[in-house]
Amino acid sequence: MKRAAAGLLIGVMVLGALTGCGGNQGEQAAQTEESSGEGGGSADITLVLSNRDEFVSALEAGALKAAEELGVNLITQDAQSDTSKMIQFVESARNAGQKAVIINIIDPQTAPQVIEAAGDMKIVFMNKQPADIENVLNDNIVYVGSDEMESGKYQGEFLSDYFKAQGKDEIKYLMVNGVLGDIAQIQRTESCLQAFEDQGMTAVEATAPVVADWDRANAQDLISPLVNTVDFDCIIANNDAMALGAAEAMEQQGGDLENIPIVGIDATVDGCQAISEGRLAMTVFQDADGQGFGALTAAVNLIEGNPINEGSKYELDETGHIMWVPFEPVTAENVEDYM
């Protein structure tokens with residue numbers, strides 16, 4: 001099982017000098033502070049989350065699992081989509097003498113403020129890249145995530161194959177975007193459209209892109225009035241939540257889910273279940289558990305002065321400051337492996 005097995009190759013090489021208790025993780029519901037250690041002592045590493053939606057919660061779980069396995073005392077904080085709270089949590093970690101901080105940043109443009117708040121702490125940006133990443137990263141500030149230019153490519157390749165099998169080389173699509181300007185929104189969209197071009201498909205907008213801000217309910221509300229008023233061949237969503245919202249809109253409005261494929265990204269539990277039920281055509285596995293594992297491992301390696309991927313199965317980019325956790329396409333043929 002991909003989801004359960006992710007991150008298990010993290011090695012003992014990173015156990016080093018960080019000493020902490022890797023025991024009880026405590027209750028996670030409705031709390032803004034968590035610790036993987038017992039006894040409530042100060043943590044060696046702090047993880048600041050943008051929020052606790054389904055995917056970010058999976059990131060958190062991966063990091064907590066790694067902390068338990070590596071014997072690291074980890075505190076997690078939920079900034080509740082509030083950048084000022086995120087900065088406060090980072091400052092608190094610095095003031096408490098934390099050695100490193102892992103940040104699932106809310107607004108990539110605020111990376112300079114977050115870095116300033118961190119002071120001399122090592123920083124691992126996780127899952128969402130800071131803006132101007134080429135000039136932000138260095139030997140003490142790194143990024144762990146997945147290459148978004150790969151995710152949309154898998155969507156475009158799947159849809160190209162799907163329609164070519166029907167003898168089509170021209171299609172109309174509905175695009176459901178996340179937050180406009182977010183690096184994931186930009187690159188997931190661009191890489192999908194580039195894949196159409198690379199596969200020799202002519203893909204044109206059925207209407208202007210729908211901006212649903214990564215939200216399932218928003219996507220459902222925005223797609224519903226289009227189902228019976230716009231001619232389209234497929235729906236492309238930047239994440240599974242919005243793909244599911246689009247599927248629910250199609251179902252409520254009598255759309256043809258059997259012949260109009262809907263594709264998402266992230267391979268969430270709900271997304272994979274929808275594929276097994278035939279409600280979504282495909283998704284792309286973004287290994288949240290692996291990213292959480294990788295981010296915690298990178299933080300430990302930064303403290304120890306090792307390459308950030310030491311003891312892991314993941315590759316670095318040419319700078320050595322980015323650890324890539326691969327995307328994987330998920331279809332009806334292999335979805336059982338991801339459930």
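What you see is a predicted model, and the numbers here were worked out from it, not measured in a lab.
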Leu47 vs Leu74, side chain to side chain contact (heavy atoms under 4.5 Å, CB included): CA-CA, chis, key distance, verdict: CA-CA 7 Å; Leu47 165 62; Leu74 178 69; 4.1 Å; yes
side-chain hydrogen bond (donor to acceptor under 3.5 Å, both in side chains) against Asp270, all qualifying residues, sequence neighbours excluded: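 In terms of side-chain hydrogen bond (donor to acceptor under 3.5 Å, both in side chains), with neighbours along the sequence ignored, Asp270 is linked to Arg216.
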Which residues share a side-chain hydrogen bond (donor to acceptor under 3.5 Å, both in side chains) with Ser50, sequence neighbours left out: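 In terms of side-chain hydrogen bond (donor to acceptor under 3.5 Å, both in side chains), with neighbours along the sequence ignored, Ser50 is linked to Asn104.
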Please check this pair: side chain of [X] against backbone of [Y], looking for a donor-acceptor N/O pair closer than 3.5 Å.
| X | Y | result |
| --- | --- | --- |
| Thr268 | Gly271 | yes |
| Glu150 | Pro326 | no |
| Lys128 | Ile106 | yes |
| Asn239 | Ile265 | no |
| Tyr154 | Val330 | no |
| Glu315 | Asn309 | no |
| Asn73 | Asp44 | no |
| Ser57 | Arg52 | yes |

Residue pair Val48, Val101: steps toward the side chain to side chain contact (heavy atoms under 4.5 Å, CB included) verdict: CA-CA 7 Å; Val48 186; Val101 62; 4.1 Å; yes
Results of side chain to side chain contact (heavy atoms under 4.5 Å, CB included) for Asp82 - residues two or more places apart only: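 Here the qualifying residues are Ser84, Lys85.
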Counterpart residues, salt bridge (charged side-chain N to carboxylate O under 4.0 Å, His left out), relative to Lys122 (two or more places apart):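 Applying salt bridge (charged side-chain N to carboxylate O under 4.0 Å, His left out) to Lys122 gives none.
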Test salt bridge (charged side-chain N to carboxylate O under 4.0 Å, His left out) applied to Asp53 - qualifying residues, sequence neighbours left out: none
ring-ring contact (aromatic ring centres under 6.0 Å, His included) assessment of Tyr338 paired with Phe285: CA-CA 8 Å; Tyr338 295 85; Phe285 178 55; 5.0 Å; yes
If you compare all heavy atoms of [X] against all heavy atoms of [Y], which two are closest, and at what distance to 0.1 Å?
| X | Y | answer |
| --- | --- | --- |
| Ala298 | Val142 | CB-CG2, 4.5 Å |
| Ile303 | Ala100 | CD1-CB, 3.7 Å |
| Thr46 | Ala93 | OG1-CB, 3.7 Å |
| Leu257 | Ala247 | CD1-O, 4.2 Å |
| Ala246 | Ala219 | N-CB, 4.3 Å |
| Pro225 | Asp221 | CD-O, 3.1 Å |

Spacing of [X] atom [atom1] and [Y] atom [atom2] [to the nearest 0.5 Å]:
| X | Y | atom1 | atom2 | value |
| --- | --- | --- | --- | --- |
| Ile87 | Ile103 | CD1 | CD1 | 9.5 Å |
| Ser151 | Arg188 | OG | CZ | 5.0 Å |
| Ile141 | Ile133 | CD1 | CD1 | 11.0 Å |
| Met323 | Ser312 | CE | OG | 4.5 Å |
| Glu310 | Leu302 | CD | CG | 11.5 Å |
| Phe163 | Glu170 | CZ | CD | 12.5 Å |

Do [X] and [Y] touch side chain to side chain, with heavy atoms closer than 4.5 Å?
| X | Y | answer |
| --- | --- | --- |
| Ile223 | Val227 | yes |
| Gln80 | Leu49 | no |
| Phe293 | Glu69 | yes |
| Lys168 | Tyr162 | no |

Working for side-chain hydrogen bond (donor to acceptor under 3.5 Å, both in side chains), residues Asp337 and Asn334: CA-CA 6 Å; Asp337 295 336; Asn334 67 347; 5.4 Å; no
Pair Glu148-Gln129, side-chain hydrogen bond (donor to acceptor under 3.5 Å, both in side chains): steps then yes or no: CA-CA 10 Å; Glu148 297 291 358; Gln129 297 182 23; over 6 Å; no
Lys/Arg N to Asp/Glu carboxylate O, Lys164 vs Asp169, below 4.0 Å: no
Arg94 and Glu91 ion-paired at < 4.0 Å: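 Looking at Glu91 together with Arg94, the answer is no, because their closest N to O distance does not fall below 4.0 Å.
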Asn177 and Asn238 side chains, donor-acceptor separation under 3.5 Å: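 There is such a pair (donor and acceptor under 3.5 Å, judged by atom type) between the side chains of Asn238 and Asn177.
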Donor-acceptor side-chain pairing of Gln286 and Gln291 below 3.5 angstrom: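 Gln291 and Gln286 do have a side-chain donor-acceptor pair below 3.5 Å.
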Derivation of the side chain to side chain contact (heavy atoms under 4.5 Å, CB included) call for Thr283 and Val263: CA-CA 6 Å; Thr283 184; Val263 300; over 6 Å; no
Verify same cluster id: [X], [Y] (apolar side-chain graph, 4.5 Å):
| X | Y | value |
| --- | --- | --- |
| Val230 | Ile260 | yes |
| Ile262 | Met242 | yes |
| Leu222 | Met250 | yes |
| Met86 | Met121 | yes |
| Val114 | Ile322 | yes |

Taking atom [atom1] as the centre, does [X] end up with more than 12 heavy-atom neighbours from other residues, nucleotides or ligands that are less than 6.0 angstrom away?
| X | atom1 | answer |
| --- | --- | --- |
| Asp120 | CG | no |
| Gln252 | CD | yes |
| Glu258 | CD | no |

Asn306 and its side chain to side chain contact (heavy atoms under 4.5 Å, CB included) partner, picked from Thr297, Asn301, Val300: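 Exactly one candidate clears the test, Asn301.
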Give the table of side-chain donor-acceptor pairs shorter than 3.5 Å for residues 192-213, with sequence neighbours excluded, one pair per line with atom names and distance.
from, atom 1, to, atom 2, distance (Å)
Gln194, NE2, Asp198, OD1, 2.8

Chi angles and distances behind the side chain to side chain contact (heavy atoms under 4.5 Å, CB included) call for Ile236, Leu174: CA-CA 6 Å; Ile236 304 164; Leu174 281 179; over 6 Å; no
Stepwise side-chain hydrogen bond (donor to acceptor under 3.5 Å, both in side chains) check, Thr83 with Asp107: CA-CA 7 Å; Thr83 294; Asp107 179 357; 5.4 Å; no
